[in-house]
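Just so you know, ligand 1 is whichever comes first in the structure, and atom 1 is the first atom listed for that ligand.
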Amino acid sequence: MTHRPGAARTNAYTFAPSPRASLPGMPPSPPRTDVLVVGGGPAGVALASEFARRGLRVRLVAPEEPRAFAPTYGAWLDELPGWAQACLEAVWTDVRVYMTQTPTPLLRPYALLDNAALLDALLCRAGKHLTWTVGTVRGAARAGEGWEVHGQAGERWWAAVVVDAGGHAGSLRRPRHPGGAALQTAYGVVAHFDSPPISPGSTVWMDYRAEHLPATDVRAAPTFLYAMHLGGTRYLVEETSLIARPAPSRALLRERLYARLRALGALPGEIEREEWVAFPMNAAAPLPGPWLAFGSAAGMVHPVSGFQVAGALSAAPEVADAVTGALVASGPEAAVWAGWSALWPPERRAARELALLGVDALLALPGNMLPDFFRAFFGLPASEWRAFLSHGAGAGDLARTMLRVFAAAKQGVRLPLARAALRQPGVSGRGLLAVARRSDRTGGGPNG
Ligand SMILES: Cc1cc2nc3c(=O)[nH]c(=O)nc-3n(C[C@H](O)[C@H](O)[C@H](O)COP(=O)(O)OP(=O)(O)OC[C@H]3O[C@@H](n4cnc5c(N)ncnc54)[C@H](O)[C@@H]3O)c2cc1C
């Protein structure tokens, strides 16, 4: 049986405001809030805002004043909560993947977030209960029922519950990456083009065509184009390595991007900005701990797509409900446990284990076979590949899709996939079948 911290508590948590003054000679007591969130990325701000909406007093600590998130965030439109659908720079209905010269239309609208609007909306939704504090957290120590959190400049803050939303490396606890971090990397530019690099009006989600490269290079380091038409002569073009350990360098990806654009006869003119993407894809579900991790610090990055933002925006209300309810009813320790349980129910933990198996299979696949793999993947009924890429996918969804991709893939792709699966202790084709069948009988996970 798992120990459930705070389960036996019956006394309610009540917010204790900061004492007005300290005893002479004593350092002043740190200012108090119910929750302290470390990190001002989309995940941290989303969760902080949901806590504040529920009436908790929240401090968010980030090294910078609030300012629009820097990366280009894309998301499937149907995965964004309704309010966030008002924070978009663009939406495409023409969304394609290329594994051969003939594109496969994905028939699923894809959105580019307007990061300034997203941040404004989150802060506006948070209202007056959220305090944004500029600082860098360096640690937290138990103090009474909660935590005294320490800033690098000597600051001290007290909070009943501490959330680590410090990004891919975490701020208080490092995420675990089984077998070492496997990175998604990309080099891209937003630029003006005289000759369009992709079909105007479209988004190319994945273009693995590589006739312009020597086959040995593709086999060693497969990369694809991710591109969006941003209107007029503006395009985002990014040469992307889906997942690799070790990852290709920025210089190689830049070289690849220009080789591709040259082959397309579409070199960029004026460049507005460059983008460098590098983050781990294979974080394991975090174990329960004294602090709650959220966002990429909690391994919420999808291990096959690398997406996280829509998942964090959607999960934040559920987690905030769980934490707030337990905090009021049973106290801080129970609140952290409740937040972790809401984020990682057994079904989602099982799904994460399976997805990490998928990561290993992708890492084991010779690069030149990735187009065949994804041709089989996107050849599945849309409901299946969508479920696989969704943040709420259950283990049954994943197992079913993995088996169907395996069945539909060419022989050359199946062998390395099977070898990767067999290398995993406790995993077998029979095991996958059992998970898929069980979920068929029970109606599956959230997407079943
Ligand atoms: C260039 C790029 C493009 C991406 N594109 C997409 C995309 O299109 N769609 C998608 O869904 N995902 C995308 N991702 C993946 C992922 O969603 C993003 O990395 C996202 O920013 C993660 O959000 P987060 O809030 O968890 O972490 P972050 O955005 O990394 O935010 C972490 C915050 O914590 C702060 N912090 C860290 N340590 C401390 C500390 N000790 N004290 C105080 N503050 C601290 C950091 O300064 C930062 O503000 C992309 C990633 C990158 C790098």
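Residue G306 has at least one heavy-atom neighbour below 4.0 Å for each of these atoms of ligand 1: 12 (N), 15 (C). Taking every non-hydrogen atom of S171 and a distance limit under 4.0 Å, the qualifying atoms of ligand 1 come out as 38 (N), 39 (C), 40 (C), 41 (N). Close contacts between ligand 1 and F307 involve ligand atoms 9 (N), 10 (C), 11 (O), 12 (N) [criterion: under 4.0 Å to a heavy atom]. The contact set between ligand 1 and G40, taken as ligand atoms under 4.0 Å from a residue heavy atom, comprises 33 (C), 34 (O), 49 (O). Within ligand 1, the atoms closer than 4.0 Å to a non-hydrogen atom of P71 are 1 (C), 2 (C), 3 (C), numbered from 1 in the order shown. Residue contact check: S296 has heavy atoms under 4.0 Å from atoms 22 (C), 24 (P), 26 (O), 27 (O) of ligand 1. Within ligand 1, the atoms closer than 4.0 Å to a non-hydrogen atom of T136 are 40 (C), 41 (N), 42 (N), 43 (C), numbered from 1 in the order shown. Taking every heavy atom of G295 and a limit of under 4.0 angstrom, the matching atoms of ligand 1 come to 26 (O).
Residue H302 places no heavy atom under 4.0 Å from ligand 1. At least one heavy atom of V61 sits closer than 4.0 Å to an atom of ligand 1. Between G135 and ligand 1 there is a heavy-atom distance shorter than 4.0 Å.
Salt-bridge formation is not detected for the pair E239/R256: no Lys NZ or Arg NE/NH1/NH2 atom is positioned less than 4.0 Å from an Asp or Glu carboxylate oxygen. Ion pairing between a basic and an acidic side chain is recognised when a charged N comes within 4.0 Å of a carboxylate O; R108 and E79 show such pairing.
Between G74 and ligand 1, at least one N/O pair is under 3.5 Å apart. Where the criterion is an N or O separation shorter than 3.5 Å, residue side chain and backbone included, F279 fails it with respect to ligand 1. Backbone and side-chain nitrogen or oxygen atoms of Y73 are examined, and one is located within less than 3.5 angstrom of a nitrogen or oxygen of ligand 1. Looking at ligand 1, you'll find an N or O of V309 within less than 3.5 Å of one of its N or O atoms. The shortest N or O to N or O distance between T72 and ligand 1 is below 3.5 Å.
Of all the heavy atoms of A165, the ones lying under 4.0 Å from any atom of ligand 1 belong exclusively to the backbone. Residue V45 does not touch ligand 1, judged by heavy-atom distances below 4.0 Å. Here W276 has backbone heavy atoms under 4.0 Å from ligand 1, and that is the only part of it that gets that close.
Contact of the V61 side chain with the V37 side chain is not registered, since no non-hydrogen atoms from C-beta on lie closer than 4.5 Å. Side-chain contact between V336 and W291 is absent, with no heavy atoms from C-beta onward closer than 4.5 Å.
Using modelled atom types, one finds a donor on one side chain and an acceptor on the other under 3.5 Å when comparing E274 with Y187.
Taking the centre and axis of the six-membered ring of W205, the NZ or CZ atom of R96 falls outside the cone set by 45° and 6.0 Å.
Annotation: the span from L60 atom CG to T133 atom OG1 amounts to 8.0 Å, rounded to 0.5 Å.
Distance from atom 46 (C) of ligand 1 to its nearest protein heavy atom, with residue and atom name: P63 CD, 4.3 Å.
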